Amino acid sequence: MAAPQYRQQDVIVTKENLHNNIGVEGYNYGYELSDGQTRQEVAEFVAPRSANEEGTMRVTGSYSWVDPADGRTYLVRYVADENGFRAEGDHLPVAPVA
């Protein structure tokens with residue numbers, strides 16, 4: 001069964017979670033849209049392990065959408081930290097293990 005078709009002007013926010021982000025300790029937010037799109041993200045300050053290091057931010061989250069052609073929901077989960085940005089999802093290719 002095909003997913004319902006939405007015109008851009010018909011899409012509305014059905015749920016929203018906002019957190020004041022003053023850029024110090026982190027933030028979180030999320031939303032859901034009437035066409036099935038979602039996004040959640042949390043950032044947290046990671047304290048330095050020694051006096052010679054600076055603290056970093058670690059961001060984790062996910063987003064999803066419904067493909068209008070086949071009605072499937074696609075989900076991407078991600079982490080961004082001192083090791084870079086890493087995303088995974090059942091529909092994404094996986095790099096071979098070296």
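Worth saying up front: this structure is predicted, and the values here are computed from it rather than measured.
Taking all atoms of both residues into account, the shortest heavy-atom contact from Val66 to Gly36 is CG2-CA, 4.1 Å. Contact between Asp67 and Asp70 at its shortest, heavy atoms only, is CB-OD1, 3.2 Å. Summarising the geometry of Ala43 relative to Val59, their closest heavy-atom pair is CB-CG2, 3.8 Å, with the distance given to 0.1 Å.
The OG1 atom of Thr60 lies 10.0 Å from the CG atom of Asn28; values are rounded to the nearest 0.5 Å. Atoms CG and OG1, from Leu33 and Thr38 in turn, are 8.5 Å apart once rounded to the nearest 0.5 Å. Going from atom CZ of Arg77 over to atom CD of Glu88 covers 4.5 Å, rounded to the nearest 0.5 Å. Summarising the geometry, atom NZ belonging to Lys15 is positioned 8.0 Å from atom CD belonging to Gln40; distances are rounded to the nearest 0.5 Å. Atom OG1 of Thr73 sits about 12.0 Å away from atom CG of Asp90, to the nearest 0.5 Å. Gln37 contributes atom CD, which lies 11.5 Å from atom CD of Glu32 (distance to the nearest 0.5 angstrom).
Looking at heavy atoms from C-beta onward, Met57 lies in side-chain contact with Phe45 at the 4.5 angstrom threshold. Contact check for Glu82 versus Val46: no side-chain heavy atoms found under the 4.5 Å cut-off.
Glu41 meets the salt bridge (Lys or Arg N to Asp or Glu O under 4.0 Å) test with Arg39; sequence neighbours excluded. Qualifying ring pair (Phe, Tyr, Trp, His ring centres under 6.0 Å) partners for Tyr74, counting only residues two or more places apart in sequence or in other chains: Trp65, His91.
Under the 4.5 Å side-chain heavy-atom criterion for grouping Ile, Leu, Val, Met, Phe, Trp and Tyr, Val79 is not connected to Leu92 through any hydrophobic cluster. Criterion: ILVMFWY side-chain heavy atoms under 4.5 Å apart, direct or through other members. Under it, Phe85 and Val94 are not part of a common hydrophobic cluster. The hydrophobic clustering, which links ILVMFWY residues whose side-chain heavy atoms are closer than 4.5 Å, places Tyr63 and Val11 together.
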Using side-chain contact (heavy atoms from CB on, under 4.5 Å), reason through Ser64 and Val76 one step at a time and then give a plain yes or no. CA-CA 6 Å; Ser64 68; Val76 175; over 6 Å; no

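Residue-environment remark: OH (Tyr78) exceeds the threshold of 12 foreign heavy atoms within 6.0 Å. Crowding of Glu54 atom CD: a count of heavy atoms from other residues, nucleotides or ligands under 6.0 Å not exceeding 12.
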